Amino acid sequence: MIIVDKRICVLTGGCGGMGHAISLRLGKDHAMLLADISAERLDAEKAALAKLGIEAEGLVVDVSDRMQVDALAARAAELGVVDTVIHTAGLSPAGAPAEKIISVNAIGTVNMVEAFHGKIAEGGVMIVFGSSAAWTLDPPEDWYKAYGRWNDPGFFDALLDIVGEKEEDADEDDEFFRAGQAYALTKRFVCEFARMNTVRFAEAGVRILSFSPGSYLTPMHQLLIDNQPDMAEAQMDLTPLGRWGRPVEVAGFIEYLCSPLAGYVTGVDILADGGTIAMQRVKQI
Ligand SMILES: NC(=O)c1ccc[n+]([C@@H]2O[C@H](COP(=O)([O-])OP(=O)(O)OC[C@H]3O[C@@H](n4cnc5c(N)ncnc54)[C@H](OP(=O)(O)O)[C@@H]3O)[C@@H](O)[C@H]2O)c1
């Protein structure tokens, strides 16, 4: 139980690389309600934050499960006034197959936005995590058609249709490719879904936006470096700044985006990728 004399920040993926860095910043003036899938890691994270004087409560939540996400929203409301919701929980092709990526990244984001719509105090903000992978191509029309079905029981299948079912003779490389497609498809959805929610959040005086990191050195990115070193090297070659991002650089930006200084920023994606997408998509001089 946390003592609630502060406003509440709900943070999914609270035990992740970016989640931890964000708690260090937002935990200065918020009580943190951390959601993640591992009870042990939540306990360890809470203890680490407590040593730094940051109040935090942990709740085991699988964001792809709507009932668990509703329980998270209910717990947040019990604790006090929620003014900030940061949804970082996500899976990448280095750690999960296409189907799981669709469930966690796309369905999980719908669950979070639906559960917290109307529950964030006026002046508050919701930030959902996309990826630079969302911006590597112009989505074909069928992606947008599928995104339009976000509130339909067939949404998962509509996304899976685009990626394709697993082939019987698929090898590891085929599956990694399929997972990569699912990642780009679902992360673009996250960015589009934030924008699709701009007006209904604004009606309650709440901002909503997506944040798209490039390659930052967190446990998620470390998996890619360990399991797909060639791919990681290729990514580095496509990064004009010539280094991986640091989670602290995400956290500082998120703190700013949650502050009144960014009070007019809503309905957009913020891409922070070391210049990768500009290098890939815009002719350089
Ligand atoms: N790091 C990057 O370079 C990078 C680049 C682009 C976009 N992003 C995005 O930024 C966000 C944060 O990334 P990160 O690097 O901090 O990743 P991370 O270190 O892997 O943290 C993500 C956290 O979410 C948890 N999680 C996974 N599935 C979940 C579920 N179903 N319900 C609740 N929690 C779940 C993870 O647990 P497990 O560890 O057990 O899976 C982990 O603790 C992600 O959405 C990611 O896609 C990251």
Side-chain angles (χ1 to χ4, degrees), residues 10-24 33-46 48 58-69 71-72 86-97 99-112 115 127-136 179-180 182-191 193-194 210-228 231-232 235-236 238-239 241 243-251 253-254 269-274 276-277:
V10 177
L11 174 63
T12 72
C15 303
M18 298 204 188
H20 175 71
I22 290 167
S23 285
L24 298 184
L33 177 55
L34 310 179
D36 212 299
I37 42 175
S38 156
E40 295 85 58
R41 282 174 50 212
L42 277 166
D43 285 345
E45 179 66 15
K46 243 173 32 181
L59 197 62
V60 176
V61 176
D62 176 346
V63 295
S64 64
D65 182 321
R66 178 60 195 266
M67 278 168 65
Q68 293 184 35
V69 173
L72 173 68
I86 314 287
H87 174 44
T88 79
L91 291 174
S92 79
E99 289 76 4
K100 198 100 207 287
I101 287 174
I102 293 174
S103 292
V104 173
N105 294 3
I107 309 290
T109 299
V110 170
N111 289 343
M112 282 296 297
I127 301 181
V128 292
F129 268 56
S131 167
S132 57
W135 300 102
T136 49
Y183 190 69
L185 173 71
T186 57
K187 287 300 190 179
R188 182 60 177 245
F189 169 72
V190 169
C191 301
F193 197 55
S210 56
F211 185 88
S212 286
S215 300
Y216 287 77
L217 209 45
T218 67
M220 176 182 278
H221 192 59
Q222 192 62 52
L223 262 184
L224 180 82
I225 295 170
D226 294 343
N227 298 342
Q228 307 278 340
M231 175 78 77
Q235 276 189 8
M236 180 61 90
L238 286 172
T239 305
L241 289 184
R243 65 169 175 84
W244 304 129
R246 303 174 185 115
V248 67
E249 292 168 323
V250 169
F253 211 154
I254 294 294
D269 181 68
I270 305 288
L271 176 65
D273 71 343
T276 301
I277 293 297

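Atoms within each ligand, like the ligands themselves, are counted from 1 in listed order. Just the heavy atoms: all of them, side chains too, but no hydrogens, waters or symmetry mates, feed the values below. The model shown is predicted, which means the values in this text are computed figures rather than measured ones.
- Minimum heavy-atom separation, Ala133 to Ala184: O-CB, 3.7 Å.
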### Task
Under the side-chain contact (heavy atoms from CB on, under 4.5 Å) rule, what do Leu224 and His221 come out as? Steps first, then yes or no, please.
CA-CA 5 Å; Leu224 180 82; His221 192 59; 3.8 Å; yes
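- Applying the side-chain contact (heavy atoms from CB on, under 4.5 Å) criterion to Thr109, with sequence neighbours excluded, gives His87, Val113, Val128, Val190, Phe193.
- Checked options Met67, Gln68, Arg66; the residue passing with Asn111 is Arg66 (criterion: side chain to side chain contact (heavy atoms under 4.5 Å, CB included)).
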Protein N/O near ligand 1 N/O, under 3.5 Å, which pairs?
| residue | atom | partner | partner atom | Å |
| --- | --- | --- | --- | --- |
| ligand 1 | 1 (N) | Tyr216 | O | 3.3 |
| ligand 1 | 1 (N) | Thr218 | OG1 | 3.0 |
| ligand 1 | 3 (O) | Gly214 | O | 3.2 |
| ligand 1 | 3 (O) | Tyr216 | N | 2.8 |
| ligand 1 | 3 (O) | Tyr216 | O | 3.3 |
| ligand 1 | 15 (O) | Thr218 | OG1 | 2.4 |
| ligand 1 | 16 (O) | Gly17 | N | 3.4 |
| ligand 1 | 16 (O) | Met18 | N | 2.9 |
| ligand 1 | 19 (O) | Gly17 | N | 2.9 |
| ligand 1 | 31 (N) | Asp62 | OD1 | 2.9 |
| ligand 1 | 32 (N) | Val61 | O | 3.3 |
| ligand 1 | 32 (N) | Val63 | N | 3.0 |
| ligand 1 | 37 (O) | Asp36 | OD1 | 3.4 |
| ligand 1 | 39 (O) | Arg41 | NH1 | 3.2 |
| ligand 1 | 40 (O) | Arg41 | NH1 | 3.1 |
| ligand 1 | 43 (O) | Asp36 | OD1 | 3.2 |
| ligand 1 | 43 (O) | Asp36 | OD2 | 2.8 |
| ligand 1 | 43 (O) | Arg41 | NH2 | 2.9 |
| ligand 1 | 45 (O) | Thr88 | O | 2.8 |
| ligand 1 | 45 (O) | Lys187 | NZ | 2.8 |
| ligand 1 | 47 (O) | Tyr183 | OH | 2.9 |
| ligand 1 | 47 (O) | Lys187 | NZ | 3.1 |

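- Residues Asp269 and Trp135 bring a donor and an acceptor atom of their side chains to less than 3.5 Å of each other.
- Counting only distance, with no hydrogens or angles, the side chain of Asp273 and the backbone of Ser132 share no donor-acceptor pair below 3.5 Å.
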